[in-house]
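Predicted model, so just to flag it, every value in this text is computed and none were measured.
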Amino acid sequence: MTSNHCAVPVIVLEEEKKSSLFSNKIKTSYKLNAAGLTKILGQKDFIDKKVAVISIAGAFRKGKSFLLNFFVNYLEFLSNGGRGEWLNEETPLDKFHWRGGSKRDTNGIYLWSRPYLLEDKDGEEIVVLLMDTQGTFDHKTTINDCATIFALSTLISSVQIFNVSQQIQEDDFNNLRLFTEVAQMAQDENQKKTTAFQKLRFLIRDWPNSDEYGYGFEGGAEYLEKLLAIKPKQKKELQKLRTSLKNSFERIDAFLMPHPGLRVASNNSDKVLGKVEADFKEYLEQFVTSHFKENFVEPKTMHGETLTCRGLINLFGAYMKIFNSDKLPKVKTILEATAEVMLSVAETKAKQEYDTQMKEKMSNTINLTKIDVLNGFHSASVDAARKVFASRPKISGDLPVATIQQKLQTYFEERLVEHKRVVEQNLKVAEENERLEAEKARLEEEERIAKKKIKDEEDRLARLKAEQEEALRKEREENERKRRAEEERLRQQQLEQQRENERLRQERERIEADLRRAQQAAEAAERQREMASRAFFTSPAFYPSPSQSYRSYSSPPNIQPETYTSSRGNVFTRYRDMDTGRFTKNPYG
């Protein structure tokens, strides 16, 4: 989906008219859209990643913006997983603005607002940017401004597509001459072969001579080899131009593109590809995908140093200062700007190396508390960072080295102060931790003693409880024994009582039987006495003789009363004749 993305102008040409009594002058200035550039490159996910910039430059109204739409479509296709078809009649062409006709459609330099993430040959993620440039020689822009725009795009890009129509003219080579001088100076300063730019790719559109040189890279290579060949009879200026051009770029190739057909050649209001020639579609797909072969891209480098998005932002700013000077910058001035950027890159790498070394060393020593150890880490990290800075490519214009070194020294000292604060804080924390540990140990000891006291008291109480329980058990057993003995005693007593009661019952029964027998005997005796008395009183002997004493006759019998309780509880009185020992009737009543 690209609906939220668009081509963002990052460098815009602005004309300022200066009038006087004698003349009217128009000065062109180059305004950097720093906010737009930072919004694209300064995102957290991209800022420190390597970057590749694919730029297209060339004469105006030759289809540069039209072509970049296919790059956007293909990168969107890769971002969505690379499934399906990305090039057909319905392929949209509404990303980079384009139109048919003879009027200029792009002003300055544009970047597509969405960076794409692909991989390099080592599998590392690379940020891919697409750059569109204002066409040259549009009858309004001065030669100086055209050269500036072309120079900027070439200096910034990792791949510069030089878009030409039908064939490469000698003037096209001459327009590149300014940039070959950069490479020549770099070689003179370093006394070795060093290329200023990475890749130049000629795209020859609407190639008419396919019978002589076939479409695509193979035919383009043959065609370019012929044009760049240095021949003995050539003028020295032409030989020098070709030699400089070859030495200015790491790689130069060419691609011969067929004509798309008349439908696309006219203004396309629908902004879709529509029907095109089969050859054009085939070679267009081949050309676009060649920049991302197997999804691999090469990052932007300058004199052997790989550039990140952060470095690219700095590069834009550095070149804008140069190109906004009163004159077209000389080759030396451009190189100095390049040197400044390379020093900035080296400075950033040195800082990163220092921070990485310190982070690694301090992470291996958790909660560092010794300043002398920190100073050792700092010295080793500074040495490593200085080696990184010293290993940078040395190019012409590498002048403010001492200033950068002083800035690095200041940075290292500031970082050391920060690390010291951390160490001092760690020391305070360590001391506080020791105090807390000692306090903790004291509290733990007090807690241990308290727990021991509690345990001893618990043990004592447990023993006391056990003793009490044992005493209670014994007391219960004794009470139980006594209770059982008492029960046994009571039982025996009850049995004894029962036996006694039985004996008393039997005794009562015996006594009662004796009493009954005695009573019966007494009654029988009484009856006998009565019978005897009756017989006596009726006999002559009853009446005494005068010789018998009255007293002996009238003396009462010796009878005593006795109290007796029957087995039923009845109390009565009985009388015993003491002379005979037998019971008798109450003699008195």
Side-chain angles (χ1 to χ4, degrees), residues 42-49 123-125 308-310 344-391 404-481:
Q43 300 178 48
K44 182 179 179 181
D45 294 338
F46 303 138
I47 186 68
D48 290 318
K49 281 185 167 52
E124 183 178 356
E125 285 187 330
T308 64
C309 290
R310 190 190 303 275
S344 176
V345 171
E347 177 188 1
T348 300
K349 287 188 174 182
K351 291 178 179 178
Q352 291 175 343
E353 179 66 17
Y354 173 84
D355 290 335
T356 300
Q357 290 283 335
M358 287 297 291
K359 181 178 180 181
E360 180 179 350
K361 288 177 171 59
M362 294 189 72
S363 64
N364 292 333
T365 307
I366 301 174
N367 298 327
L368 180 64
T369 57
K370 296 182 179 178
I371 296 296
D372 55 342
V373 176
L374 173 67
N375 290 333
F377 290 169
H378 170 75
S379 299
S381 299
V382 168
D383 291 342
R386 284 174 176 166
K387 287 180 181 179
V388 169
F389 183 76
S391 66
I404 299 298
Q405 289 175 336
Q406 183 58 42
K407 286 175 63 179
L408 283 174
Q409 184 61 32
T410 302
Y411 176 82
F412 297 150
E413 291 173 355
E414 290 174 350
R415 293 292 288 149
L416 178 60
V417 171
E418 293 176 5
H419 289 309
K420 282 184 177 180
R421 282 200 294 267
V422 173
V423 171
E424 290 169 355
Q425 184 64 30
N426 288 344
L427 182 58
K428 290 180 181 179
V429 171
E431 291 174 350
E432 181 64 15
N433 286 339
E434 288 179 1
R435 188 189 68 78
L436 292 175
E437 285 295 327
E439 181 67 15
K440 180 181 178 182
R442 184 185 66 79
L443 293 174
E444 287 177 349
E445 180 63 18
E446 291 180 355
E447 183 180 5
R448 186 188 66 78
I449 294 173
K451 285 182 176 179
K452 186 176 183 303
K453 288 181 178 180
I454 291 172
K455 187 175 184 304
D456 292 344
E457 182 64 16
E458 288 176 347
D459 292 343
R460 187 187 69 79
L461 292 175
R463 289 193 301 273
L464 180 60
K465 182 180 178 181
E467 291 172 358
Q468 290 175 346
E469 289 178 350
E470 180 65 17
L472 288 173
R473 183 185 66 77
K474 290 180 178 180
E475 185 179 355
R476 284 195 299 270
E477 289 179 353
E478 181 63 20
N479 291 336
E480 179 68 16
R481 186 188 64 75

*So, Asp355 and Lys351, do they make that salt bridge, N to O below 4.0 Å?*
no
Interatomic distance, CD1@Ile454 vs CD1@Ile449, rounded to 0.5 Å, equals 12.0 Å
To the nearest 0.5 Å, atom CZ of Phe412 lies from atom NZ of Lys407 at 12.0 Å
Rounding to 0.5 Å, atoms OG (Ser391) and CZ (Arg386) come to a distance of 14.5 Å
* Asked: So Asp48 and Gln352, side chain to side chain contact (heavy atoms under 4.5 Å, CB included) or not? Walk me through it.
  -> CA-CA 11 Å; Asp48 290 318; Gln352 291 175 343; 4.2 Å; yes
Residue set satisfying side-chain hydrogen bond (donor to acceptor under 3.5 Å, both in side chains) with Arg435, at least two apart, ordered chain then number -> Glu432
Report task. Please lay out, stage by stage, how Asp456 and Lys453 fare under the test side chain to side chain contact (heavy atoms under 4.5 Å, CB included). Result -> CA-CA 5 Å; Asp456 292 344; Lys453 288 181 178 180; 5.6 Å; no
_Regarding Lys451 and Glu447, does a basic nitrogen lie under 4.0 Å from an acidic carboxylate oxygen?_
yes
Could you tell me whether Glu439 and Arg442 make a salt bridge, using a distance below 4.0 angstrom between a side-chain N and a carboxylate O? yes
Note to self: Are Lys440 and Glu444 packed together at the side-chain level, in the sense that at least one heavy-atom pair is separated by less than 4.5 angstrom?
What the structure shows: yes
Sequence neighbours excluded, the answer for side-chain hydrogen bond (donor to acceptor under 3.5 Å, both in side chains) partners of Glu469 is none
Margin query: So Thr308 and Phe46, do their side chains get closer than 4.5 Å, heavy atoms only?
Written below: no
Taking the side chain from Ser379 and the backbone from Gly376, do they hold a donor-acceptor pair closer than 3.5 Å? no
When rounded to the nearest 0.5 Å, the distance separating CZ of Phe377 from CG of Leu374 is 8.0 Å
By ring-ring contact (aromatic ring centres under 6.0 Å, His included), His378 pairs with (sequence neighbours left out) Tyr354
Practice problem: In sequence, state the C-alpha distance, the side-chain angles, and the governing distance for Asp459 and Arg463, and then conclude on salt bridge (charged side-chain N to carboxylate O under 4.0 Å, His left out). | Solution: CA-CA 6 Å; Asp459 292 343; Arg463 289 193 301 273; 5.1 Å; no
Run the side-chain donor-acceptor check on residues 416-431: report pairs under 3.5 Å with partners two or more places apart or on a different chain.
residue	atom	partner	partner atom	Å
Glu418	OE1	Arg415	NH1	2.3
Asn426	ND2	Leu368	O	3.0
Asn426	ND2	Val422	O	3.4

Those residues at least two apart in sequence (or on a different chain) that pass side-chain hydrogen bond (donor to acceptor under 3.5 Å, both in side chains) with Glu470 are Arg473
For Gln357, the side-chain hydrogen bond (donor to acceptor under 3.5 Å, both in side chains) test, sequence neighbours excluded, returns Glu353, Lys361
message: Looking at Asp383 and Lys387, is any side-chain nitrogen of the basic one under 4.0 Å from a carboxylate oxygen of the acidic one?
response: no
Please check if any side-chain donor atom of Gln409 sits under 3.5 Å from a side-chain acceptor atom of Glu413, or the reverse.
yes
Side chains of Gln43 and Ile47, heavy atoms from C-beta outward: is any pair under 4.5 Å? no
NZ of Lys452 to CD of Glu445, rounded to nearest 0.5 Å, is 11.0 Å
Looking only at heavy atoms, the pair that brings Ala385 and Ala350 closest together is CB-O, 3.2 Å
